[in-house]
Amino acid sequence: MSKPNDELFKNVISHAKEYGFVFPSSEIYDGLSAVYDYGQNGVELKNNIKTYWWKAMVQLNENIVGLDSAIFMHPKIWKASGHVDGFSDPMIDNKDSNKRYRADQLLEDKIDRYDKDGKTDKAEQLQHDMDEALKNDDLPRLKELIIAHEIADPVSGTRNWTDVRQFNLMFSTQMGAVADDADLVYLRPETAQGIFVNYLNVQKSGRMKIPFGIAQIGKAFRNEVIARQFIIRMREFEQMEMQFFVRPGTQKEWFEHWKAMRLKWHLALGTGPEKYRYHEHTKLAHYADAAFDIEYEFPFGFKEVEGIHSRTDFDLSQHQKFSGKKLQYFDPEINQNYVPYVIETSIGLDRMFLLTLINAYVEEDLSTEEKQDSRVVLRLHPCLAPVKAAIFPLTKKDGLPEKAREIMDKLKINFNLQYEEKDAIGKRYRRQDAIGTPFCITVDHQTLEDNTVTIRHRDTMKQERVDAGQLENIIGGLVSWKNLLSL
RNA sequence: GCGGAAAUAGCUCAGCUGGUAGAGCAUCAGUUUCCCAAACUGAAGGCCGCGGGUUCGAAUCCCGUUUUCCGCUCCA
């Protein structure tokens, strides 16, 4: 990583905290690892990103509808999806080679070796001990066995092991007052399954015809082994997902369709195309027959922001199998029943948030020959800006505050506004620049005479004088979603 | 998880070989100015990340721990 980029990233994190965008969680208690809170400006920006996505996906596509499914779901869902079995292995690390192994795998290898060496009784004993330990989730016992049977790391050759730990990326908790295995529920590690299990409800109640999509925004939870790089990888995060159900055989064209559509959504915000790239998965997940990531060039390199996956009929078929309920669709066009194929678009909202912030953050040098000057400005798209406009009386007296309040009161129903009269006007402009407010409306002495105000534009720092009565139309036009969505 | 670095005011940081905790910016109140960081006066803000140890005395030295960043690892 180059030094200036490192610097930029640090500055953005500081800025995010100082101006109420992102705070470390539980900060007064030393923080909680890889969990963050969104502050007063952060929540506005985040909500605006959600709105942009929701409008683009749900409102503008007649065949896509929304959903808000619960975070808790029936535990069997995670068996069907493959999350339970795929991610509950007892792992152990060798401290010398820093390699991680499945503890049961190491023991199995040892049993095989005993067998080969003719030490059948030893093999049987170990097999029995291991099964017992695995059944009881007795992790310390597994380590005892590894030590007792003198198992060494094949790489380093040493027996310098860490404790055995259970790695399951799903958080679990108890449902009901009495602790019991049957009550174990998980916090969803992805929002997609909530869509799959409701697919038939939505299709029937909404009289949806294939192809159609279901969109959802919601929290997901992953107990990452390592979570780092600010809000890039958090243990609690938010996804914006859309599952698009298609006729088998047409998945390839829909995959291409959504790949293109989703990149278009990103680029409409004005981000330079050179900041984005597609990344094709060569190693596909068990459920996918094609997968592309949309990556953004963060200061620390290209990172996935959104995934477009062709998930085949894996999920619906699995749920059909595990639930015993038919999840088929009767396609009147071809007079056939089938389990639809699925194209998924899945974007990490928190990453999108960080992308937006980093992309908007600019340190500008405004120095002239006479004096040094600079400002930090967030060049957010006006649709995404937390505060749409700020209203300033030029001075604190002569009735200017009253006039400014009057204008403010008329506009605040439609727009998120801020009123400020403290400090010199230039300082107030700069403060708004720092949180990305695109427009500042100033009430001066002339306002009292002819009811005109000035609008100062964030990016150009230029002003224009307009009739106060026109403000609603002018601001409304400048921050309208049409500017983003009718491209 | 391993290795490296760091943690002092809201932010950025100074605080030397141990001796009562500082600056700039930001914040708040006021005076003044009145369209782009003005000035002045005043105020507030710190368990020096946390816990232990050494010492007459620790922000400073030692140990542990937590959090963050970087590299590796992990990321169906």
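Remember, it's a predicted structure, so these values are computed and weren't measured experimentally. Residue numbering restarts at 1 for every chain, and letters A, B, ... go by the order of the sequence lines.
The distance between atom CD1 of A:Ile232 and atom C1' of B:rC70, rounded to the nearest whole Å, is 15 Å. A:Asp293 places its CG atom 10 Å from the P atom of B:rA76, with the value rounded to the nearest Å. Atom-to-atom, OH of A:Tyr361 to P of B:rC11 comes out at 14 Å; the value is rounded to the nearest Å. Rounded to whole Å, atom P of B:rC69 lies 7 Å from atom CZ of A:Phe9. Regarding A:His15, its NE2 atom lies at a distance of 14 Å from the P atom of B:rA26, rounded to whole Å.
Relative to the side chain of A:Glu18, the nucleotides B:rA26, B:rC36, B:rA76 differ in distance, and B:rA26 lies closest. Side chain of A:Ser33, nearest nucleotide from B:rA38, B:rC11, B:rU68: B:rU68. Nearest nucleotide to the A:Phe230 side chain, out of B:rU27, B:rC35, B:rC69: B:rC69. The side chain of A:Lys427 lies closest to B:rA26, out of B:rA26, B:rU68, B:rA76. Of the candidate nucleotides B:rC36, B:rU12, B:rC75, B:rC36 has the atom lying nearest to any side-chain atom of A:Tyr429. With distances taken from any side-chain atom of A:Ser14 to the nucleotides B:rC28, B:rU12, B:rG10, the minimum falls on B:rU12. Nearest to the side chain of A:His83, among B:rA76, B:rA38, B:rU27, sits B:rA76. Picking from B:rC35, B:rC69, B:rU33 the nucleotide with the shortest atom distance to the side chain of A:Tyr36 gives B:rC69. The side chain of A:Pro189 lies closest to B:rA76, out of B:rA76, B:rA38, B:rC34.
Within the 4.0 angstrom heavy-atom criterion, no nucleotide atom of any strand lies near A:Glu27. Within 4.0 Å (heavy atoms only), A:Asp444 reaches at least one base atom of the nucleic acid. Counting non-hydrogen atoms under 4.0 angstrom, A:Arg456 reaches a base of the nucleic acid. The residue A:Ser81 sits apart from the nucleic acid: no heavy atom pair falls under 4.0 Å. Residue contacts for A:Gln432: at a heavy-atom cut-off of 4.0 Å it reaches no nucleic acid atom on any strand shown.
Between the P atoms of B:rG4 and B:rA76, the separation comes to 29 Å (whole Å). Taking the C1' atom of each, B:rU12 and B:rA7 are spaced 14 Å apart, rounded to whole Å. Comparing B:rA29 with B:rG71, their P atoms sit 44 Å apart, to the nearest whole Å. Spacing between B:rC50 and B:rC25 at atom P, rounded to whole Å, works out to 28 Å. Only the C1' atoms considered, B:rC63 is 46 Å distant from B:rG42, to the nearest whole Å. Separation of the P atoms belonging to B:rC61 and B:rA14 is 14 Å when rounded to the nearest angstrom.
Toward the 5' end of RNA chain B, the nearer of the two residues A:Ser374 and A:Tyr29, judged by each one's closest nucleotide, is A:Ser374. The residue among A:Arg351 and A:Val35 whose nearest nucleotide of RNA chain B is located toward the 5' end is A:Val35.
With A:Asp293 as the partner, the side chain to side chain contact (heavy atoms under 4.5 Å, CB included) test is satisfied by one option alone out of A:Lys303, A:Arg277, A:Glu280, A:Glu304: A:Glu304.
In this structure a side-chain-to-backbone donor-acceptor pair under 3.5 Å is missing from A:Glu297 to A:Lys275. Between the side chain of A:Thr460 and the backbone N or O of A:Lys462 there is at least one donor-acceptor pair closer than 3.5 Å. Checking side-chain atoms of A:Arg351 against main-chain N and O of A:Ile232 turns up a donor-acceptor pair under 3.5 Å. Counting only distance, with no hydrogens or angles, the side chain of A:Lys388 and the backbone of A:Gly476 share no donor-acceptor pair below 3.5 Å.
Base orientation at B:rU33 is syn, since its O4'-C1' glycosidic dihedral falls within 90° of 0.
In terms of polar N and O atoms assigned as donor or acceptor, the side chain of A:Arg222 never comes within less than 3.5 Å of the base of B:rC75 in a complementary pairing.
Defined by atom type and a distance below 3.5 Å, a donor-acceptor pair is present between the side-chain atoms of A:Tyr38 and A:Asp350.
B:rG42 is paired with B:rC28 under the Watson-Crick or G-U wobble criterion, all donor-acceptor distances under 3.5 Å.
Side-chain nitrogen and oxygen atoms of A:Lys422 include none within less than 4.0 Å of the OP1 or OP2 phosphate oxygen of B:rC28.
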* Could you go through the salt bridge (Lys or Arg N to Asp or Glu O under 4.0 Å) check for A:Glu306 and A:Arg262 one step at a time? => CA-CA 9 Å; A:Glu306 174 156 8; A:Arg262 291 307 305 150; 2.6 Å; yes

